[in-house]
Amino acid sequence: MRCSASDRWPGDADAECYGDTMAEEKRKHVDEVVYYVPQRVFEKLRAASRGAVRAEVFANLCRINALYMAALSSAGCVRDRFTSLDMVSWLLMDELDGDQADRPGTHYLSTMGHDAYGLYAALIALGQLPAHLLHTVDETDALSGHPEGARSRIVSRTESLGTGISKAKGMILAGRAHAQRHPICLFADALELKGGQVWEALPSAVEHRMGELVVIVDYGQWRADRSIGATNPLGALKAKFGSFGWHVSEVDGHDLAAFGALMSELNPITHAPKLVIARTLSGPAAPCVLPPASDRYESLYRYHSGAPNATSYRRTLLSLCERVAGDVDRLGIGPLFLECTEAPSRSDSPGLGSMLSAYTSALMRLAERHPELIVLDTDLGIDTGVEPFKERYPERFFECGIAQTDLVGQAGGMALGGALPVCHSFACLLSARPNQQIYTTATEHAKVIYVAALPGLLPGG
């Protein structure tokens, strides 16, 4: 069935999206289905003239499919999939696509991790990953929630945050012996630039005159729960990188004409590594990003984890469709066709919610009896259940941002000072890099409580 402009989705008289679905789907409410852009639409788009408009439309269509994957998998991190997709689309289509002989040895590395479904959507749209993978995000043979190595253009999987520059330098040094390599590395500001390895990696890139290296920072200035400014600001980022000898540029990460021009300007610079600070919109103010949740913590950004609800999904989908409606006609590929599949049934499992509620209650009871108890968090207050503690005891709550080693270091000092610190983060982040300092604190016979959320082979919820 094809829905025409006069046959619109229920509940939104202004939507001009088109559905190519089974006839009976026409009678379904939009909440009962989830929509995706079929491969044939991307094939028509790729045949259009190169340029910023084509890449922008491609990015927005990939956003629809990344949103579709999020709805199927009940997975979050929608923000990071959306903010970087304009730049990723340009890089894949206009820097790396086509005749690879023109750009030998150019590789794209994503180290931010949370952009995985957006990157997958783009690679599927380009025919570099099988199209069926778009629909298998919650199955055993599904794509990973973080970029996997050895898949198409993904040459390296996401590792510990902040390792990308080191990996890229290694590729360059190995390549200089027999073939040039030109890695383009995408970084996340909030997730990665607090890590010490980033800053350890900068000087030798200058020493070895790695003009082959381009690092792009997705500078959306928003963390998991709060803005960077509300946790631990990054400061004068341009001056910091420049002080190491890097060539630093700034650009609007959503203005693809400007972004493409900048990438061309960087090509002749061969004496120094290059950093691009790409300003992007994220958090509640971003266009086509899910609206804030309607609860007591609506000031926090709620789409780091968990799938969008039906209302948020519909609003975001319609907004994206409205953005591309005119452009698809201008490019000669319109009207836009969407296909749909039945939305997954979501029962509110009491497991994770009850666990967090019980933990929060126990923490509050202990805090009443122990005035020396202090809570430290790594921008995961919603996921670890400590927001109520912050509200009641703001003077005993410390937000460390996404900096787990700094978290445990501060906690060790607090313990030596007579406090009882309780540290909160995800298990995979609290048990690896911070472990050396945790060991040191233990040898000092100082008492610290570490709460590692969502451990195990699969997330506990």
Side-chain angles (χ1 to χ4, degrees), residues 77 80 111-114 145-146 157-167 187-202 223-226 228 230-235 304-305 355-356 359-360 362-363 366-367 372-387 389-390 396-461:
C77 308
D80 296 321
T111 67
M112 60 195 297
H114 291 168
H146 281 225
R157 73 170 297 128
T158 300
E159 304 173 65
S160 298
L161 294 172
T163 62
I165 295 178
S166 299
K167 180 66 70 70
F187 255 63
D189 57 352
L191 289 172
E192 300 189 77
L193 292 184
K194 301 301 293 185
Q197 185 169 341
V198 172
W199 307 99
E200 293 175 6
L202 300 183
R223 295 187 182 276
D225 286 344
R226 298 171 174 82
I228 289 178
T231 51
N232 39 7
L234 292 172
H304 170 254
S305 58
M355 179 181 71
L356 284 178
Y359 174 73
T360 302
L363 183 65
L366 290 169
E372 74 280 12
L373 188 148
I374 294 174
V375 165
L376 298 89
D377 180 51
T378 53
D379 198 38
L380 295 170
I382 295 173
D383 295 282
T384 57
V386 298
E387 288 296 325
F389 182 96
K390 179 188 177 183
R396 295 161 60 182
F397 179 88
F398 295 91
E399 178 56 67
C400 300
I402 305 172
Q404 286 78 18
T405 50
D406 185 51
L407 166 87
V408 298
Q410 288 189 67
M414 290 176 176
L416 292 175
L420 176 58
V422 186
C423 303
H424 298 80
S425 189
F426 287 153
C428 60
L429 303 177
L430 193 55
S431 60
R433 281 179 171 173
N435 198 43
Q436 185 178 30
Q437 294 184 63
I438 292 174
Y439 173 82
T440 300
T441 297
T443 65
E444 295 170 340
H445 303 285
K447 184 174 183 179
V448 179
I449 298 171
Y450 305 96
V451 181
L454 303 182
L457 296 175
L458 296 173

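- Side-chain contact check for Val375 versus Lys390: every heavy-atom pair is 4.5 Å or farther apart.
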Using the rule given for side chain to side chain contact (heavy atoms under 4.5 Å, CB included), can you reason through Phe389 versus Thr360, listing the C-alpha separation, both sets of side-chain angles and the distance that settles it, and then say yes or no?
CA-CA 8 Å; Phe389 182 96; Thr360 302; over 6 Å; no

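- Nearest heavy atom pair, residue Gln410 against residue Cys400, reads NE2-SG, 3.7 Å.
- One distance of note links SG of Cys423 with CG of Leu430; it measures 7.0 Å at 0.5 Å rounding.
- Atom CG of Asp406 and atom CG of Leu376 lie 9.5 Å apart (nearest 0.5 Å).
- For Ser166 and Gln197, the side-chain atoms include at least one donor-acceptor pair closer than 3.5 Å.
- His424 and Tyr359 have perpendicular rings, their planes meeting at more than 60° on a 0 to 90° scale where under 30° would count as parallel.
- Note: Tyr450 OH to Gln404 CD = 13.0 Å, rounded to the nearest 0.5 Å.
- Leu373 approaches Val422 most closely through the heavy-atom pair CG-CG2, 3.9 Å.
- Between Gly381 and Glu387, the shortest heavy-atom distance links the atoms CA-OE2, 3.5 Å.
- Atoms CG and OG1, on Asp377 and Thr384 in that order, are 4.5 Å from each other to the nearest 0.5 Å.
- Scanning all heavy atoms of the two residues, the minimum distance from Val198 to Ile165 falls at CG1-CD1, 4.3 Å.
- Scanning both residues, Glu399 and Asp379, for their nearest heavy atoms gives OE2-N, 2.6 Å.
- Pairing each heavy atom of Ala415 with each of Ala446, the nearest pair is CB-CB, 3.6 Å.
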